[in-house]
Asks: 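I'd like to ask you about the structure that follows.
Numbering of ligands and ligand atoms starts at 1, following listing order. Numbers here simply count residues along the sequence, with the first being 1.
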Amino acid sequence: MKEELDETKKIFEEIKEYSIYELKIYECKYKNVTCFLVESGMGKVNAARITQILIDKMNVDIILNVGVAGSISRNINKCDIVIGEKLVQHDFDLTLLNFEKGLIPNVGKYIDCDQELINIAKIIKMETKVTSGIISSGDIFVSEEKMGEKINKKFGALCVEMEGASIAQVCHLCNIPFLVIRAISDSPYEKDNHLTFKEFLKISSDMVSRFVEQFLGKI
Ligand code: ADE
């Protein structure tokens, strides 16, 4: 979302702007790392599309997916950071065809983030808690406690968002190392989390951007 990208842009000083298929891509440098920032738009299709564009047109070495997420772990609170170790799609369902829920034929159920990138991220200290684990994605804003609990139980996921696993899938298929890093904006275990989401979108985006700044200083 624009709010998420705006916070990340603040890390960088010089920014060049490109347009591809009416998507704005910002080229910027952090020390000796060249980055291309882009707002993917919400949901798995938008995110998969921009991932393929970044791989094909910008020749990127790695992909970082950064943004906010809803906590489905009772121990993870607003503004805490979750480093993705594995990504899964909780809305991918071929159970009637005898596949396990979340399993994508020829791809798998869980897709691993790059271990080297995870190790770098795990060194970073923040004023809030930093945890690593499974992140689950689906084309739905999760607002029901029951749904959150089900995803937590079924997939072992710590948080939910709407893009990471599709980015993981494209990176996996193209052999590109990737990492997903999210800051918690809300939880379906709280009443009216769509309102909490709006309230915390900027604050949590700032938190994860400061995490990314430290991360870029270490790669
Ligand atoms: N991103 C942030 N909060 C979310 C939620 N509750 N469900 C899905 N994606 C989210």
Asks: CD/E100 to NZ/K109 distance, rounded to the nearest 0.5 angstrom?
Replies: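 Nearest 0.5 Å value for the CD-NZ distance: 3.5 Å.
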Asks: What atoms of ligand 1 come closer than 4.0 angstrom to any heavy atom of N193?
Replies: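 So the answer, numbered in order with elements, is 6 (N).
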Asks: Would you mind running through ligand 1 and noting each atom that sits below 4.0 Å from a heavy atom of M162?
Replies: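 Those atoms are 8 (C), 9 (N).
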Asks: Looking at non-hydrogen atoms alone, which of E161, M1, E4 comes nearest to atom 9 (N) of ligand 1?
Replies: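 Among E161, M1, E4, the closest heavy atom to atom 9 (N) of ligand 1 belongs to E161.
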Asks: Would you name the heavy atoms of A157 and S136 that are closest together and state the gap between them?
Replies: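 Looks like CB-CB, 3.7 Å.
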Asks: Heavy atom under 4.0 Å from ligand 1: found in A69's side chain, backbone, both, or neither?
Replies: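 A69 to ligand 1: backbone contact only, side chain stays beyond 4.0 Å.
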Asks: With sequence neighbours excluded, tell me which residues meet salt bridge (charged side-chain N to carboxylate O under 4.0 Å, His left out) with E22.
Replies: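 Listed in chain order: nothing, the list is empty.
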Asks: Is it true that, when you exclude K10 itself, more than 12 heavy atoms of the residues, nucleotides or ligands shown sit nearer than 6.0 Å to its NZ?
Replies: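 Enclosed.
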Asks: More than 12 foreign heavy atoms under 6.0 Å from CD of E144: is that the case here?
Replies: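 Incorrect, the count does not exceed 12.
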Asks: Check this for me - ligand 1, V142, N or O atoms closer than 3.5 angstrom, yes or no?
Replies: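 Yes - when backbone and side-chain N and O of V142 are compared with those of ligand 1, one distance drops under 3.5 Å.
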Asks: Without swapping roles, check the side chain of K218 against the backbone of I123 for a donor-acceptor pair under 3.5 Å.
Replies: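 Checking the backbone N and O of I123 against the side chain of K218, no donor-acceptor pair under 3.5 Å is found.
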Asks: For P188, is the nearest heavy atom under 4.0 Å from an atom of ligand 1?
Replies: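 The answer is no, since P188 has no heavy atom less than 4.0 Å from ligand 1.
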Asks: Heavy atoms only: which of D186, T196, I151 lies closest to atom 3 (N) of ligand 1?
Replies: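 Looking at heavy atoms only, D186 sits closest to atom 3 (N) of ligand 1.
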Asks: Specify side chain, backbone, both or neither for I140, according to which of its non-hydrogen atoms lie closer than 4.0 Å to ligand 1.
Replies: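 I140 to ligand 1: backbone contact only, side chain stays beyond 4.0 Å.
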Asks: Can you list every pair that meets side-chain hydrogen bond (donor to acceptor under 3.5 Å, both in side chains) and has a residue in residues 64-73, with sequence neighbours left out?
Replies: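 Non-adjacent pairs meeting side-chain hydrogen bond (donor to acceptor under 3.5 Å, both in side chains): N65-R182.
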Asks: Give the atom numbers and elements of ligand 1 that come within less than 4.0 Å of a heavy atom of S185.
Replies: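 Reading through ligand 1 atom by atom, the close ones are 2 (C), 3 (N).
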Asks: Which atoms of ligand 1 are found less than 4.0 Å from any heavy atom of F197?
Replies: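 That gives atoms 2 (C), 3 (N) of ligand 1.
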Asks: Please write down residue, atom name and distance for the protein heavy atom closest to atom 10 (C) of ligand 1.
Replies: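 In this structure, atom 10 (C) of ligand 1 has V160 O, 3.6 Å as its nearest protein heavy atom.
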Asks: Check whether the ring centres of F197 and F141 lie less than 6.0 Å apart, and answer yes or no.
Replies: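 Yes, ring centres under 6.0 Å apart.
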